[in-house]
Amino acid sequence: MKHNLHWLIFVGMLSGIMVGLWINHSVVSSRIFEVLDLFGKTLFIGALKMLVAPLIFFSILTAITSLSNRQQLWSMGWKTLLFYLTTTSIAVAIGLFFVLTIRPGHWSNRNEIRDNWIEHRQQLHNNFSGTEAQVNEASHKTPLDIIRHTLEQTISNPFLALSETRSLGIIFFALILGAALIAVGKVAEPVLPVIQGINAAIMKLTTWIMLGSPFFIFCLVASLVGQLGAGVFQLLSGYIITIITGIAVHLVVLLAICYFMGRIPPWRFILAIQQAWMVAFATRSSAATLPVTISTVQDELGISAQTAEFVLPLGATINMDGTALYEGVAVIFLIQLFGGMPGVMIELTPVTTIIIFMTAVLASIGAAAVPNAGLVTMVLVANAVGLSVEYIPMIFAVDAFLDMFRTSTNVMGDMVGAVVIDKFEK
């Protein structure tokens, strides 16, 4: 059934693309999008997100309490963090290389965009006012505000963190509670089977939800393609090509890491992860995909539950390879495109590029694992080099499309991390 489900999801995605293009070129009622979003966003993504908070908590708690001692927890922890930081840095470097080489901001339509910016700006404001408000709100935050907010999200009431799905707070409390359960020894032993049983039940719920995933993913893709259409990509074709090229190269790097460090051939890895990859592509949320990601690496790749349940929740929270790559490319693209205009008096020197590299890596760590989160954290990168947020709406129109590639890359990076850490631990 699982292998048939892979193909059914793929058919659902292709059907969604074709139906979406037909909707975009037809005069249809807005009710069509409401129905598609009801099944796709409300039911499917909502059901997956329903499981995220308890899954993170019980999976990490199960993984930690199955470790033999606190030294083993420390060993797995620092390896995981180092691996994720390394792959994120590689992703940003790849993105910067391609945006500086391809120079999409200097393509033939550059003058047209600059000359008609006021008209473009007004249209973007009308179409994406909600997203623009999020970006403007983020533009007023200083790095100290971000650090304070992150600490507040991490060290908070665990019940509040669970109710609001604050991943950092859930992970932090699960880590210290797990360490305490190991420390108290025999007194905690009666609790462990309960934790393991609840964790297994949550994974079973994931299996049930995924039975309807081909239809739900069809609805998600049809709605997105129907609203975007194909014409929106012409104006920003260079930008789109640059990001997708960078992501493609980074995927090759991840597959090479998986082969040389995890000893899993690329073809086998790709076939094994396709279900989680397609769910990530359609939902555009690492958090919503997390239940599928954990079950996939255990069932299809043979990764131990201990590793999967520790490494993957951390990855869904702090490992954003695709997002980091995109943030660096987007900021340099906007500097290339609008350079010399008010608010973009920036010269792309080596120092500027290094600042963008460092802030893109750090900003991606704080990106929420939900759709469009990269746009908000990109404001940190823009502020670091003095780029006015007034120009960020230029990329709003294609962001949802590129978010599909970013999220699937984020999830693939998480799964490669699980493979490599599992190999090291064994």
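Sequential numbering from 1 along the given sequence is applied to the chain's residues. All heavy atoms count here, side chains included; hydrogens, waters and symmetry mates do not.
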Angle between ring planes, Phe216 versus Phe44, binned at 30° and 60°: parallel, tilted or perpendicular?
parallel
Take atom CZ in Phe10; do more than 12 heavy atoms of anything else shown fall under 6.0 Å from it?
no
What pairs meet the side chain to side chain donor-acceptor pair (under 3.5 Å) rule with one or both residues in residues 251-268, with sequence neighbours excluded?
none
Please identify which of these residues, Asp422, Ile64, Ile421, meets the side-chain contact (heavy atoms from CB on, under 4.5 Å) condition with Met76.
Ile421
Could you list all the salt bridge (Lys or Arg N to Asp or Glu O under 4.0 Å) pairs where at least one residue sits in residues 106-116, not counting sequence neighbours?
none
Contacts of Glu152 that satisfy salt bridge (Lys or Arg N to Asp or Glu O under 4.0 Å) - sequence neighbours left out
none
If a pair satisfies ring pair (Phe, Tyr, Trp, His ring centres under 6.0 Å) and one of its residues is in residues 273-311, list it, with sequence neighbours excluded.
Trp277-Phe281, Phe281-Phe405
Ser15 side-chain N/O to Gly12 backbone N/O, donor-acceptor pair under 3.5 Å:
no
Side chains of Ile60 and Leu175: closer than 4.5 Å at any heavy-atom pair?
yes
Student check: side-chain heavy atoms of Ile270 and Leu255 closer than 4.5 Å:
yes
Pairs flagged by ring pair (Phe, Tyr, Trp, His ring centres under 6.0 Å) wherever residues 234-258 is involved - sequence neighbours left out:
Tyr239-Phe333
I need the Ile202 CD1 to Thr207 OG1 distance, nearest 0.5 Å.
12.0 Å
Spacing of CG belonging to Leu55 relative to CE belonging to Met50, to within rounding of 0.5 Å:
11.5 Å
When you measure from the side chain of Ser364 to the backbone N and O of Val361, does any donor-acceptor pair fall under 3.5 Å?
yes
Given side chains that start at C-beta, do those of Ile56 and Ser167 come closer than 4.5 Å, heavy atoms only?
yes
Can you find a heavy atom in the side chain of Leu48 that is under 4.5 Å from one in the side chain of Val279?
yes
Flag yes if more than 12 heavy atoms outside Gln123 fall under 6.0 Å of its CD atom; otherwise flag no.
no
Has the side chain of Gln306 got a donor or acceptor atom that lies under 3.5 Å from a matching backbone atom of Ser66?
yes
Is a side-chain donor or acceptor of Tyr391 paired with a backbone partner of Ile335 at a separation under 3.5 angstrom?
no
To the nearest 0.5 angstrom, please state how far the OG1 atom of Thr296 sits from the CD1 atom of Ile303.
11.5 Å
Which pairs with one or both residues in residues 208-224 pass side chain to side chain donor-acceptor pair (under 3.5 Å), sequence neighbours excluded?
Asp37-Ser223, Ser223-Gln227
Could you check whether atom NZ of Lys423 has more than 12 heavy atoms from other residues, nucleotides or ligands sitting under 6.0 Å from it?
no
Under 3.5 Å, side chain of Glu327 to main-chain N/O of Thr359, donor-acceptor pair present?
no
Would the distance check show the side chain of Gln274 and the main-chain N or O of Leu271 forming a donor-acceptor pair, the cut-off being under 3.5 Å?
yes
Verify side-chain contact (heavy atoms from CB on, under 4.5 Å) between Phe338 and Met394, making sure each step is shown before the conclusion.
CA-CA 10 Å; Phe338 295 110; Met394 184 66 212; 4.0 Å; yes
Where the side chain of Asn410 meets the backbone of Asp321, is there a donor-acceptor pair that is under 3.5 Å apart?
yes
